[in-house]
Amino acid sequence: MPELPEVEIVRRGAHHWFAGRRIRSVTVSNPRAIRRHEQGEADFIGQLVGATITGTQRRGKYFWFTLDSGDVLVVHLGMSGQVLVQQAADEPNKHLRVRLTFDNDVDELWFVDQRTFGGMFIDEAADENSLPVSLTHIAPDPLSAEFDLRNTVRRMRAKQSPVKAVLLDQSVVSGIGNIYADESLWRARLHWQRPASSVTPARLREVLDHSREVMTEALAAGGTSFDSLYVNVNGSSGYFSRRLAAYGREGEPCLRCGSPLVREQFANRSSFRCPRCQRRGKWSRAENG
DNA sequence: TTACTGACCTGCACGC
DNA sequence: TGCGTGCAGGTCAGTA
């Protein structure tokens with residue numbers, strides 16, 4: 001499942017392969033993949049054909065290609081999206097949604113997405129950093145230079161929701177998904193259900209520090225892969241899943257205390273924690289200040 | 001304004 | 001073997 005480290009790896013690969021390339025043609029195989037481009041398929045194609053990719057940038061789980069037209073081509077991988085560099089002669093993938101060819105007539109960009117939760121759209125740049133207008137509500141991620149730890153802690157403390165829900169709220173802190181939320185909370189020994197408002201600022205800083213730490217490690221390992229749904233632009237998987245301490249380890253011993261990890265339902269998805277290190281306990285604003 | 005829930009989507013695992 | 005069901009989960013619209 002692509003979260004920040006996986007998206008960053010894809011962005012770097014896409015930058016390496018496609019920066020400086022002029023788009024020759026665009027084929028949309030499934031309109032759902034460009035559903036967020038409100039002007040429709042013809043406009044999407046019309047704006048891209050002839051444009052040159054000047055670079056790439058990222059915020060949270062979104063990344064985008066900057067174009068010489070001044071606009072940007074935004075990509076979100078959703079659950080299963082892949083941006084692949086393919087050769088013109090390659091057999092079409094069953095889940096190929098959008099295909100870009102370039103002037104060199106050899107390498108192509110394929111947006112492949114099995115579950116079609118991801119997509120592409122063209123947007124205007126909101127500022128000198130080319131942040132797309134539609135992404136201005138996305139908060140900086142813990143690995144970015146704009147990330148403001150103190151402000152993020154303040155915003156988290158204003159929420160009554162479970163601390164995990166706040167970590168997943170991309171308007172508070174971006175880039176963290178279900179996997180890295182569980183890993184960060186495990187490292188911080190914090191129960192996922194605890195209201196964010198009841199956690200001390202120091203503890204929240206600790207959680208955010210752990211999120212930065214675990215995502216940096218995942219980035220170095222090439223990302224987290226459980227199956228073929230996450231791959232880099234060359235089609236290779238990452239290895240960080242072997243080093244996960246909490247996510248997906250139901251029944252396996254906690255790496256700290258040996259207690260079997262438990263899986264719990266959280267907003268129609270799974271949450272993994274150590275019942276001993278991450279106790280439910282009692283909490284209130286009064287007792288935690 | 002804030003918090004919560006369901007829908008979207010497809011392949012796979014599992015039980016019958 | 002074939003069918004039905006549940007599960008995975010990021011984002012957003014709708015609702016309370």
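In what follows, chains carry the letters A, B, and so on, assigned in the order in which the sequence lines appear, proteins first and then strands, with residues in each chain numbered from 1. Every heavy atom of this structure was used, including side-chain atoms; hydrogens, water molecules and symmetry mates were not.
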Charged N-O contact under 4.0 Å between A:Lys164 and A:Asp182: yes
Atom pair CD (A:Glu217) and NE2 (A:His210), whose distance is rounded to the nearest 0.5 Å: 10.5 Å
Per A:His95 side chain, nearest of listed nucleotides C:dG10, B:dG11, C:dA8: B:dG11
OP1 or OP2 of C:dA8 under 4.0 Å from side-chain N/O of A:Ser270: yes
Terminal axis angle for the helix from B:dT2-C:dA16 to B:dC16-C:dG2, five pairs an end, nearest 10 degrees: 50°
A:Arg263, nearest nucleotide to its side chain (from C:dC7, B:dC9, C:dG10): C:dC7
Interatomic distance where OH belongs to A:Tyr62 and P belongs to C:dG10 [whole Å]: 12 Å
Salt bridge flag under 4.0 Å for residues A:Glu8 and A:Arg12: yes
same_hphob_cluster(A:Val207, A:Leu149) at 4.5 Å side-chain heavy-atom cutoff: yes
A:Arg115 side-chain N/O to C:dA8 phosphate OP1/OP2 under 4.0 Å: no
Interatomic spacing from CZ in A:Phe102 to CZ in A:Arg24 - rounded to 0.5 Å: 11.5 Å
Rounded distance in Å - CG (A:Asp169) to P (C:dT11): 10 Å
Atom pairs and distances, side-chain donor-acceptor, residues 43-53 of chain A, under 3.5 Å, sequence neighbours left out:
{"unit_1": "A:Asp43", "atom_1": "OD2", "unit_2": "A:His37", "atom_2": "NE2", "d": "2.8"}
{"unit_1": "A:Asp43", "atom_1": "OD2", "unit_2": "A:Gln47", "atom_2": "NE2", "d": "2.7"}

Of the listed nucleotides C:dT11, B:dC9, C:dC12, the one nearest the side chain of A:Gln170: C:dT11
Separation of C:dA8 P from A:Leu168 CG (nearest whole Å): 14 Å
Whole angstrom value for the distance that separates P of C:dT11 from NE2 of A:His137: 8 Å
A:Ile34 CD1 to B:dC9 C1', straight-line distance once rounded to whole Å: 17 Å
Note: A:Arg22-A:Asp68 ion pair, threshold 4.0 Å (strictly below): no
Contact summary for A:Gly60 and A:Ser174, nearest pair of heavy atoms: CA-OG, 3.3 Å
5'-most by nearest nucleotide on DNA chain C - A:Ser134 or A:Phe117: A:Phe117
Nucleic acid footprint by protein, nucleotides 2-7 of chain B - heavy-atom cut-off 4.0 Å, B for base, S for sugar-phosphate alone: -SS-S-
Spatial distance of atom CG (A:Leu109) from atom CD (A:Gln86) [nearest 0.5 Å]: 9.5 Å
Rounded distance in Å - CD (A:Glu38) to P (C:dC12): 12 Å
Gap between atoms NE2 and P, on A:His76 and C:dT11 respectively (whole Å): 3 Å
Under-4.0 Å side-chain N/O to phosphate OP1/OP2 contact, A:Lys94 with B:dT10: no
Touch class at under 4.0 angstrom, heavy-atom based, for A:Arg36 against every strand present: sugar-phosphate
Nearest-Å distance for atom pair CZ/P, residues A:Arg32 and B:dC8: 9 Å
A:Asp107 and A:Gln87: side chain donor to acceptor below 3.5 Å: yes
Selection from B:dG11, C:dT11, C:dA8 that lies nearest to any side-chain heavy atom of A:Gln114: B:dG11
